[in-house]
Protein chains: 2
Amino acid sequence: MKRKATITDVARAAGVSKGLVSFALNDRPGVSPDTRDRILDVARELDYRPSLSARSLSTRTSYALGLVIARDPEILGADPFFPSFIAGVERVLSTEGRALVLSVVGDDAHEETVYRTFTSDSRVDGMFLTDLRHDDPRIPLLQSLGMPAVTLGDPDARADAPASADGSGRPAHPFPSVVLDDTPGVVELARHLAELGHRRIAHVIGPRRMMHATRRDAAFAGTLAQAGCPAPIVVETDFTAAEGAAATERLLDLADPPTAIVFGNDPMAIAGIGIAHERGLRVPRDLSVAGFDDSELARYVFPSVTSVRSDPLVWGEQAARTLLQLVATGSADDVALPPARLVVRASTGPVPTSTGPVPTPSGPVPSPSGRPGGAH
Amino acid sequence: MKRKATITDVARAAGVSKGLVSFALNDRPGVSPDTRDRILDVARELDYRPSLSARSLSTRTSYALGLVIARDPEILGADPFFPSFIAGVERVLSTEGRALVLSVVGDDAHEETVYRTFTSDSRVDGMFLTDLRHDDPRIPLLQSLGMPAVTLGDPDARADAPASADGSGRPAHPFPSVVLDDTPGVVELARHLAELGHRRIAHVIGPRRMMHATRRDAAFAGTLAQAGCPAPIVVETDFTAAEGAAATERLLDLADPPTAIVFGNDPMAIAGIGIAHERGLRVPRDLSVAGFDDSELARYVFPSVTSVRSDPLVWGEQAARTLLQLVATGSADDVALPPARLVVRASTGPVPTSTGPVPTPSGPVPSPSGRPGGAH
DNA sequence: GGGGGTCACTAAACCGGTATAGTTTTGACC
DNA sequence: GGTCAAAACTATACCGGTTTAGTGACCCCC
């Protein structure tokens, strides 16, 4: 196993200085065409690969992007969002010679230190901000650290922009965002349930401090109100199947239990269906259930789960592209992806006519059919 | 925002040479106690953090470990193994100031280039080898690249060790392994089904080229044979819920369908239950189903899924520790973790007495009960 | 034919650490 | 008090790139 070729080897072999090799390899002017070709030939012949660490030291860039996931490891395993998102990110990064540096943290205190460490170690050139929170402390943190970032979704515009030098009317968030608006899907879902005749509806959401939880809650409740429905019963969970199951138990124990339950992700919805079945209820005859994210499994459980498709893979790809551009050029535009849409499957159906589990269909709504449901 | 302090700043402020600062910070002999203290004080005061890239360049070490996942992004989202494994790895790395560099690749050709790139870029100091394959090409590859690695499970010992300098009787695999033996769990599962009276049993396994698939297949079939059962029907899949569902369809379409189906992971098992329910079969009355890995969701679907618990989180922790030791000292011992055990839940029950779905219980086996199943 | 400008290229500084050779200080011992 | 070795510390080379200042060579043009 012989030593790797360095830029000095290439320079010597090509009979030029190493500075010129650097110029030729980085496509910079000041190298005559035939010299450039000769250098590139020699480099290829020696199988020269520039040293990342040397380059990093010189240029103060790491050629890596960072993702810090602040969720309990257990949840991480159950929720398919992050694996898909990461796969999307990777799909872009791998073609660009960049790497993804990952960190999974349990608590907030540790989270901050990871952001600080990644920055002070120059371990990454930019970071993805997922699971955006209200008044997210990570935004001023990264801003003060001078670390570029891309947010998934719009952060809440804060009026008190701390040191906003220009008095322009620009939005208060300092980082470009990649938005995949889930409101249309949520609105469609609310209308869908209202049209099926549901009135007593529960919404089992994720942690309230996460923006998407409250945003979806607002969109859902707002649409129901428009449709003349009473406000939904809202239950906050941590996104685990366990809490989804527990929430379902509590809801079904109510004196006047809901006829439809909407869950913040698919694992919770699947767990909810499990609870219903265990109690002898049939879905959707006695209880309608819907999930969120449209994971693969949602299509294959029985009954297949009505869900809102959010496409984390595409989200990851676009977030990676935007962050790469931000890092390279210093600025990047906000991007809006096609919004999430409702996917109706077999787990939602017309409201039961009486309070007891009676199998009488109540309206013209088609009875739920086969598994591979199409978009609404 | 002022510039980060460098080692030179610390040296100047402490009135010593930077070499001595380096010695003091790395706990090396040759520094008097009070000088060392003074240097450390100054470093703390200046909030000095050594530059990773500079250190990497000097030491030819990247302070990062790599994981290449060669699975389709879709599968990655559904299968909870990797997220949990990664979380376990992270739990160890984060306390050691190391980072995890991740890559997700679809096809084998790309996989090899990633291993080569990570190596030639010195992007990582060592790598995790998961989803071990028969005659795994990654082993000679990493060996020839001189990249340390840890394997999850024992690779198959190859007689033709290429350049085995010493004629010792050591096993042929050059890398330490972290083994979580799943055989006991599989054996227990086979016995469990045999005791319940099942004879026509199907085994829906993962890709044959992966060692764990064939190893489990062998253990399962062998135990059944010992128990006097006929050989199971084996169906190979890619681990997706989609193929799990398709396999279930095919099996149930057989003239003489199996009375129990064992799946290679939980998502497939859950999809299989979905298919059964869709056909009007009841689990476990008409069909017993078992999964693998014991993911969170397995506890919360209905019926809760009998599975084999493999504890990917612990696996990740131990793999990280072993790899860190290997990288630091040049060698590490093989580690055996507590083996995977069977977790009996509600999805497995006594074999139906007749071929038709008749609700007669057939034996003294307790009827499947509540969700939170305990270990067998 | 000498001044001025551009182009191709070289030499050397620099990034921020580690490692090594060399120099001074300390201390033990006779 | 002189000798010698160990301990403490400095100076500097080095890792492998990028970048800047500087040097010829060449051309243009009055």
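Letters A, B, ... are given to chains in the order of the sequence lines, protein chains preceding strands, and every chain is numbered from 1. The figures here come from the full heavy-atom set of this structure, side chains too, leaving out hydrogens, waters and symmetry mates. Keep in mind that this is a model prediction, so the values were computed, not measured.
- Distance, A:Leu57 CG to D:dG17 C1': 8 Å, rounded to whole Å.
- When the nucleotides D:dC9, D:dG17, C:dT10 are ranked by their closest atom to the side chain of B:Ser32, D:dC9 comes out on top.
- Taking the nucleotide of DNA chain C with the nearest heavy atom to each of A:Gly30 and A:Gly19, the more 5' of the two is matched to A:Gly30.
- Nearest nucleotide to the side chain of A:Val16, out of C:dC15, C:dA19, C:dT10: C:dT10.
- Distance, A:Lys4 NZ to D:dC15 P: 14 Å, rounded to whole Å.
- Distance, A:Asp121 CG to C:dC15 C1': 16 Å, rounded to whole Å.
- Between B:Ser58 and B:Leu20, the one whose closest nucleotide on DNA chain D sits nearer the 5' end is B:Leu20.
- Comparing D:dA11, D:dG16, C:dT18 by their closest approach to the side chain of A:Lys18 singles out D:dG16.
- A:Asp34 places its CG atom 10 Å from the P atom of C:dA8, with the value rounded to the nearest Å.
- Among the atoms of the strands shown, none is found under 4.0 Å from any heavy atom of B:Arg36.
- One can place CG of A:Asn26 at 13 Å from P of D:dT20, the figure rounded to the nearest angstrom.
- Judged by closest nucleotide on DNA chain C, A:Phe23 is the one of A:Phe23 and B:Pro50 placed further toward the 5' end.
- Checking side-chain atoms of A:Asp136 against main-chain N and O of A:Arg138 turns up a donor-acceptor pair under 3.5 Å.
- For C:dT18, one of the phosphate oxygens OP1 or OP2 lies less than 4.0 angstrom from a side-chain nitrogen or oxygen of B:Ser22.
- Taking side-chain N and O atoms only, A:Tyr63 has no distance below 4.0 Å to OP1 or OP2 of D:dG17.
- Using modelled atom types and a 3.5 Å distance limit, the side chains of A:Asp154 and A:Ser177 yield a donor-acceptor pair.
- Taking a cutoff of 4.0 Å between a charged side-chain nitrogen and a carboxylate oxygen, B:Asp27 and B:Arg36 qualify as a salt bridge.
- For A:Thr35, whose side chain is taken as the heavy atoms from C-beta onward, the closest listed nucleotide among C:dA8, C:dT18, C:dA19 is C:dA8.
- Salt bridge status for A:Asp41 with A:Arg38: absent, with no side-chain N to carboxylate O gap under 4.0 Å.
- A:Arg28 has its CZ atom 16 Å from the P atom of C:dC7, to the nearest Å.
- Distance from the side chain of A:Arg55 is smallest for D:dG17 among the nucleotides D:dG17, C:dT18, D:dG16.
- Look at CZ on B:Arg12: it is 16 Å from C1' on D:dT10, rounded to the nearest Å.
- Applying the 4.0 Å criterion to OP1 and OP2 of D:dG16, one finds that B:Arg60 has a side-chain N or O inside that range.
- Checking the phosphate oxygens (OP1, OP2) of C:dG16, no side-chain nitrogen or oxygen of B:Thr6 falls inside 4.0 Å.
- At least one donor-acceptor pair under 3.5 Å links the side chain of A:Thr59 to the backbone N or O of A:Arg55.
- Between A:Val89 and A:Leu323 there is no side-chain heavy-atom pair separated by less than 4.5 Å.
- Here the side chain of B:Ser17 is nearest to one of C:dC9, D:dG16, D:dT10, namely D:dT10.
- In this structure, CD1 of B:Ile7 is placed 11 Å from P of C:dA19, rounded to the nearest angstrom.
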